[in-house]
Amino acid sequence: MVRTYLLLAWTWMRASAQYPVSFALMTLGSFTLTGLDVAGIWIIFEHTESLGGFGLFEVMFLYGTSGLSFALADMLFGNVERLSQHVRAGSFDTMLIRPTGAFVQMATDRFGVQRLGRIAQAALVLGISLPRLDLSWSRMWMVPLMVACGLVIFTSIFALGGALQFLLTDAPEVANAFTYGGSTLTQYPLSIYGGELVKGVTFIVPLAFVNWQPALYVLDREDPFGLPYWLRFVAPVAAVLLAVAAALAWRAGIRRYRSTGS
Amino acid sequence: MIEVDRVGRSFTVGRGRARRTVHAVRDLSFTVGSGEFVGYLGPNGAGKSTTIKMLTGILAPTSGRIRVAGLDPTRRRTALARRIGVVFGQRTTLWWDLPLKDSFELIRHLYKVDRVDFRRRLDELADLLDLGGFLHTPVRQLSLGQRMRGDVTAALLHEPAVLILDEPTIGLDVVSKVAMRAFLRRLNAEHGTTVLLTTHDLGDIEKLCRRVMLIDHGRLGFDGTVDDLRATAPGRESLEEVVAHLYTA
């Protein structure tokens with residue numbers, strides 16, 4: 001599976017290497033565009049000392065971890081949200097006649113490293129924040145783990161969105177609310193949102209485990225909503241559960257696939 | 001090699017009050033033995049493509065049982081893919097931006113074809129289908145005839161026991177058609193590959209198929225040899241008239 005993924009991704013990268021200028025511009029573009037997010041955070045902190053009880057570098061830490069998870073998920077698997085385009089064009093049929101899972105083929109379709117720009121930007125923000133936070137070394141193990149869990153959570157949401165498109169041939173927007181929406185939501189401390197929303201993203205769509213709950217552990221902070229302490233360690237469980245749900249939905253979706261006319 | 005037993009496939013279309021069920025294929029049964037060359041005919045919308053998609057595992061049937069090369073296409077889709085070759089005349093299965101040769105290399109990896117077998121097979125196919133001139137051209141720059149030859153090659157590199165072709169001669173000029181038919185006939189005769197093809201071109205049927213199946217309104221309307229087919233409408237000159245008679249009957 002991993003071999004097939006790498007093989008297909010490499011093939012697409014070679015194909016896109018035919019257009020080097022486009023590649024360079026898109027990488028630069030995504031780096032700059034997402035860089036504006038950080039400018040936004042700077043501007044906010046020009047006017048206030050804290051955002052939802054969190055300081056500048058703590059917010060940058062949240063932004064960096066969520067951004068890194070999302071950008072990685074988007075680069076590696078974000079393409080599955082284009083499913084409905086392939087269904088309508090009929091090209092999904094040709095993926096089903098190959099001896100490889102359709103998910104891997106969808107994920108790698110037109111794979112490009114342009115999104116490295118966004119990954120680099122998120123990593124940079126995280127890199128700036130880490131040494132400026134007074135963090136305990138014994139808690140740092142959580143940082144790579146939370147990025148990995150966030151990657152799994154966002155990937156699962158991409159897959160769920162793709163699976164939904166087997167039923168509703170034109171529903172990428174619904175999924176976008178949770179992927180891009182989720183990415184934006186988790187860039188800030190959840191304490192700036194209402195308690196009901198936070199409960200929703202903790203227990204229903206587990207976006208709070210992308211970075212918020214594990215970050216409370218890394219930053220050693222009280223939960224502003226008073227939720228139990230053990231929730232800080234539940235991210236891997238939430239990620240695995242969501243991934244299983246996404247895999248089941250994807251399989252069910254393929255069995256209900258209707259193809260196109262001809 | 002192919003067993004289709006009382007297979008049906010229906011679709012629900014429309015929303016709300018306009019919602020209704022369309023039976024694209026109903027109660028379809030046939031078997032195709034090893035080494036047969038079968039033409040699958042039917043007017044537009046008769047259920048040809050739906051049948052092909054069920055045989056290849058793209059669509060799950062709503063009822064009935066299918067076995068292709070011994071496997072249930074829906075449950076064992078990726079395993080089946082290694083045993084069959086599929087060509088869609090209307091769309092390519094190749095990678096648009098890649099040179100033809102690279103697409104083939106990729107297929108070698110995906111189908112886990114041994115390197116030596118692959119070389120031998122590609123040389124043979126490139127020779128028979130005359131691919132030499134455009135092996136290094138990106139697929140998007142190929143003419144339809146060239147692309148079609150590339151698609152057929154791609155479907156045969158892993159030496160499948162069954163080849164399923166959906167309108168393989170659509171849009172091809174006379175010369176390309178003749179070459180494609182000669183190739184398919186030879187493949188069937190020399191390698192014993194089982195071939196099932198759909199077409200609207202009755203020349204394909206006359207020149208290639210020992211057996212013809214005709215589907216209409218989702219049901220098998222005729223199954224027999226080309227001579228049997230002619231005998232259904234005595235006095236009609238061409239095969240075209242015979243088939244048109246069957247379609248409208």
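In what follows, every chain begins at residue 1, and chains take the letters A, B, ... in the order their sequences are listed. Only a predicted model underlies this, so the values are computations on that prediction, with no experimental measurement involved.
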Exercise for the section: State whether the number of non-hydrogen atoms from other residues, nucleotides or ligands found under 6.0 Å of B/R76 atom CZ is greater than 12. Expected result: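 Counting neighbours around CZ of B/R76, 12 or fewer heavy atoms of other residues, nucleotides or ligands fall under 6.0 Å, so no.
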Problem - NE2 (B/H191) with more than 12 external heavy atoms under 6.0 Å - result: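 Yes - once you tally the heavy atoms of other residues, nucleotides and ligands closer than 6.0 Å, there are more than 12.
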Measure [X] against the heavy atoms of chain A and call it side chain, backbone, both or neither at under 4.5 Å.
{"X": "B/R140", "result": "side chain"}
{"X": "B/R75", "result": "side chain"}
{"X": "B/T198", "result": "neither"}
{"X": "B/I164", "result": "neither"}
{"X": "B/T74", "result": "side chain"}
{"X": "B/S103", "result": "neither"}
{"X": "B/Y111", "result": "both"}

Handout entry: Heavy-atom contacts under 4.5 Å, residues 248-256 of chain A to chain B
Key =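 The stretch touches chain B at A/I254, A/R255.
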Taking atom [atom1] of [X] and atom [atom2] of [Y], what is their separation to the nearest 0.5 Å?
{"X": "B/K112", "Y": "A/T100", "atom1": "NZ", "atom2": "OG1", "result": "6.5 Å"}
{"X": "A/F92", "Y": "B/I58", "atom1": "CZ", "atom2": "CD1", "result": "9.5 Å"}
{"X": "A/L6", "Y": "B/H109", "atom1": "CG", "atom2": "NE2", "result": "12.0 Å"}

Exercise for the section: Output the option from A/M95, A/R110, A/R98 having the highest count of non-hydrogen pairs under 4.5 Å with chain B. Expected result: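 When all of A/M95, A/R110, A/R98 are compared, A/R98 has the most.
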Practice task
Under the side-chain contact (heavy atoms from CB on, under 4.5 Å) rule, what do A/T94 and B/V86 come out as? Steps first, then yes or no, please.
Solution key: CA-CA 9 Å; A/T94 64; B/V86 186; over 6 Å; no
Practice task
Name the option with the most non-hydrogen atom pairs under 4.5 Å to chain A; the candidates are B/T56, B/I52, B/L98.
Solution key: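 The residue among B/T56, B/I52, B/L98 with the greatest pair count is B/L98.
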Handout entry: Largest heavy-atom contact set with chain A, pairs under 4.5 Å, which of B/R9, B/K48, B/R77
Key =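 Highest number of pairs under 4.5 Å: B/R77.
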Exercise for the section: Check the pair A/R258 / B/K53 against side-chain contact (heavy atoms from CB on, under 4.5 Å), numbers first and verdict last. Expected result: CA-CA 10 Å; A/R258 296 166 52 118; B/K53 283 172 186 172; over 6 Å; no
Exercise for the section: Answer with side chain, backbone, both or neither: which region of A/T11 has an atom nearer than 4.5 Å to a non-hydrogen atom of chain B? Expected result: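 Both backbone and side chain.
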Closest approach of [X] to [Y] (non-hydrogen atoms, all atoms of both residues):
{"X": "A/G101", "Y": "B/T78", "value": "N-CG2, 4.3 Å"}
{"X": "A/L8", "Y": "B/W95", "value": "CD2-CZ2, 4.3 Å"}
{"X": "B/A81", "Y": "A/P99", "value": "CB-N, 3.5 Å"}

